[in-house]
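See below for the structure under consideration.
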2 protein chains.
Amino acid sequence: MPQHSQASTLFPAETLRDFARRVFVKLEIPANDAVQAADVLIASDLRGIDSHGVARLKAYYDMFRHGLINPRPNIRVVRQTPSTATVDGDKGLGLVVGPAANAIAMDKAAAVGTGWVAVRNSNHFGIAGYYPLQALSREMIGWAMTNSNAMVTPLGGAERKLGTNPIAIAFPAEREPPLVVDMATSVVPFGKIEMARRKGESIPVGWGVDGQGNPTTDPDQIVSDGAILPMGSDLLHGGHKGYCLSAMVDMLSAVLSGSDWGPHVVPFAMPRQTGERRHGNGVGHFFGAMRIDAFIEPAEFRARADAWIREMRGARPVPGGSGPLIPGDPERAAEAIRSKEGVPLLPAVVQELRDVAALTGVAFE
Amino acid sequence: MPQHSQASTLFPAETLRDFARRVFVKLEIPANDAVQAADVLIASDLRGIDSHGVARLKAYYDMFRHGLINPRPNIRVVRQTPSTATVDGDKGLGLVVGPAANAIAMDKAAAVGTGWVAVRNSNHFGIAGYYPLQALSREMIGWAMTNSNAMVTPLGGAERKLGTNPIAIAFPAEREPPLVVDMATSVVPFGKIEMARRKGESIPVGWGVDGQGNPTTDPDQIVSDGAILPMGSDLLHGGHKGYCLSAMVDMLSAVLSGSDWGPHVVPFAMPRQTGERRHGNGVGHFFGAMRIDAFIEPAEFRARADAWIREMRGARPVPGGSGPLIPGDPERAAEAIRSKEGVPLLPAVVQELRDVAALTGVAFE
């Protein structure tokens, strides 16, 4: 494919945000929820995680069309203690259920120090990093995890049994930016495999196996019937630990919440796929919030976090390198550029947004 | 060195437990605390984590001798909310402070659903996996983390700034054994580097860098002035994520608790080292406990955990392999053998125990 066909076009974030909001409203989502859902999507585009932003709008549209998303869910607490809740998302949009459940975690933390919320009957909730960022503005440490449809094999296996199951956590600092972790527990997120496939490039050894469990550098083999490896890739480099982390996310998000787990999670809508779909008990999430003043004076914490960040930045760099980054640096750098210059969208994504515009009658561009 | 000099001798676990207990009593630790501390140490030997068991008794002895451990600490809660506490360990033995703080987390969970405890002024607390196992008997999910003296470089750096900072978490099942995660956030724990060095073997690429930040397969270079790499090893394989997890552990265990963090953590006593030592604000830990019935019916959770475990065990194996294990399998297998046949100790470890016996007047063998 000629290179110029891959050239991106820049769109102002506010244009994309407004388009997403209007599409959600057209899909009968209440106005406030549509604003919230668009905010999660655009946060992803701004932070440079292109796979989780408006590039997914068509997939969400398809899920609505197939009746897999309830536009006006009755999101309810089905069980609780002072510091915990289990939330049933009633098949609502993950971009709406997630923020509602996260708010419950923060409210619990405000009352008793910490709050922990397991969620079932949801679906894809956007980038995990969005949620702990909300906690920062309430002087809390935030946590978020989610399971997702199976693309990853447990180490030693040759079969998709786990999602890329991300973990996110954020800590505030004072003069330094916050420390924001947002990571798949697989060696790479699916988006990197998909990107290599589109470009016709090979992938490094250690990213995945083919359908028989042999190492492969061909992204097509992973997409067709292979699997992504857990973080660590092999036993010598801690692949069992990546599998452990993925297990932890699935146990907290799904086994504990009552949602579908492991290979039973329904695939995210794939536009070209037809046939019957089922919802089951949906995708599961797990949110946490911890009030900083429940442990230490917040000013003292932030000063200590500043010192920690400077210490790591100050580490002697590897030869030819510029030294360690701080968790969250790449996303902050992307946001600084994109909020000013716009969000680059690939032609295929622009075409999908035009398709959504045509299907919904919501104007785009 | 001839192979036979490395041959291990088997000791009944109860012999080691009783020796450790009597040594701790001799070091003026109260009787109940000595029983507790010996239990943590022997759990490590039984579970096959040789580096964290009685092989450390001499190092603990040295710390007492240097006045770095307070045998009769006033372990106190310095700040709390219904679901949290910050505990000052008063320089007590980590094997005593850890269990005390973990019990506070479980008591908080019993009261309000979850409990989270950050600890400062402690020192090495044994294997992280010991603590979540305690939660299982109270029908809780248990968590434990700790920082440790710096051996690991942040990714992109060539300088020891972080400990091997482990994470442990355990979930109960019904007919299946519990799922127990206990993992260093570095690509390997220091013990594996040390073991290769003693055997004169090279180590795989991806485990560490020399003092200039170049990849090395020589364990001597890591021990002298190099560093261990975070889990993931390099940017292509998620080394930034291992660094993120290590950061998370240090922020929760140390920045939040008020203990020493990053490179400021005082090294664990090294028998051959002389000169001044300092305690600072000690090692930091972070414990969590979550009542299962705060989220879901415990019987339902355990049945779901059983199904999850069977699903993963049932994954098609890689060619020539026997399929995925479940987190905790290797340690359980070791415990089954060692509780029956005894704990194998290397000659150097046996000699250290004899040294401790001579120094304390506590009989060994």
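Heavy atoms only: backbone and side chains are in, while hydrogens, waters and symmetry mates are out. Letters A, B, ... are given to chains in the order of the sequence lines, protein chains preceding strands, and every chain is numbered from 1.
Summarising the geometry of A:Leu236 relative to B:Trp207, their closest heavy-atom pair is O-NE1, 2.8 Å, with the distance given to 0.1 Å. Residue B:Met183 comes nearest to A:Cys244 through the heavy atom pair SD-CB, 4.1 Å, listed as atom of the first residue, atom of the second, then distance. When all heavy atoms of A:Leu245 and B:Met231 are compared, the closest pair comes out as CD1-CE, 4.3 Å. For the residue pair B:Pro154 and A:Met312, the shortest heavy atom distance occurs at CG-SD, 4.0 Å.
Proximity to chain A is limited to the side chain of B:Ile141, based on heavy atoms less than 4.5 angstrom apart. With a 4.5 angstrom heavy-atom cutoff, B:Ala184 touches chain A via backbone and side-chain atoms both. For chain A, no part of B:Asp182 is nearby; none of its heavy atoms comes within less than 4.5 Å. Proximity to chain A (any heavy atom under 4.5 Å) is shown, for B:Thr114, by both the backbone and the side chain. Heavy-atom distances place the side chain of B:Phe171, and not its backbone, under 4.5 Å from chain A. Residue B:Ile169 touches chain A through its side chain alone, counting heavy-atom pairs closer than 4.5 Å. The contact between B:Ala307 and chain A is made by backbone and side chain atoms together, counting heavy-atom distances below 4.5 Å. When heavy atoms are compared at a cutoff of 4.5 Å, A:Leu162 approaches chain B solely by way of its side chain, counted from C-beta outward. Using a 4.5 Å cut-off between heavy atoms, B:Val77 makes no contact with chain A at all. Proximity to chain A is limited to the backbone of B:Ser186, based on heavy atoms less than 4.5 angstrom apart.
Classification of the A:Trp308-B:Tyr243 ring pair by plane angle, with boundaries at 30° and 60°, yields parallel. By the 30° and 60° cut-offs, the orientation of the rings of B:Trp116 relative to A:Trp116 is parallel.
Residue with the most contacts toward chain A among B:Gly239, B:Ala109, B:Gly328, B:Pro204: B:Pro204 (heavy-atom pairs, distance under 4.5 Å). With respect to chain A, the highest number of heavy-atom pairs below 4.5 Å among B:Asp250, B:Ile292, B:Val117 belongs to B:Asp250. For chain B, the option among A:Glu311, A:Glu159, A:Met290 with the highest count of heavy-atom pairs below 4.5 Å is A:Glu311. Of the residues considered (B:Pro82, B:Gly323, B:Pro319, B:Ser83), B:Ser83 shows the highest number of contacts with chain A, using heavy-atom pairs under 4.5 Å. In terms of non-hydrogen atom pairs under 4.5 Å with chain B, the most contact-rich of A:Ser322, A:Gly314, A:Gly258, A:Gly115 is A:Gly258. Contact count versus chain A (heavy atoms, under 4.5 Å) is highest, among B:Ala118, B:Gly157, B:Gly242, for B:Gly157. Residue with the most contacts toward chain B among A:Val181, A:Thr185, A:Ile203: A:Val181 (heavy-atom pairs, distance under 4.5 Å). Comparing A:Thr153, A:Thr86, A:Val112, A:Val78 by heavy-atom pairs within less than 4.5 Å of chain B, the highest count is held by A:Val112.
Remark: side-chain polar atoms of A:Arg304 are not paired, donor with acceptor, to backbone N or O of B:Trp261 under 3.5 angstrom. Judged by distance alone, with hydrogens and angles left aside, the side-chain atoms of B:His237 form a donor-acceptor pair with the main-chain N or O of A:Val205 at under 3.5 Å.
Inter-residue side-chain proximity for A:Leu179 and B:Met248 is flagged as unmet; no heavy-atom pair is nearer than 4.5 Å. Put simply, the side chain of B:Glu297 reaches to within 4.5 Å of the side chain of A:Arg79, judged on heavy atoms.
By the side-chain contact (heavy atoms from CB on, under 4.5 Å) test, B:Ala294 is found to be paired with A:Thr81, A:Thr84, B:Arg291, residues two or more places apart in sequence or in another chain being considered.
A distance of 10.0 Å separates CG of B:Leu256 from CD of A:Glu300, quoted to the nearest 0.5 Å. Here A:Ile309 contributes atom CD1 and B:Met251 contributes atom CE; the two are 6.0 Å apart, rounded to the nearest 0.5 Å.
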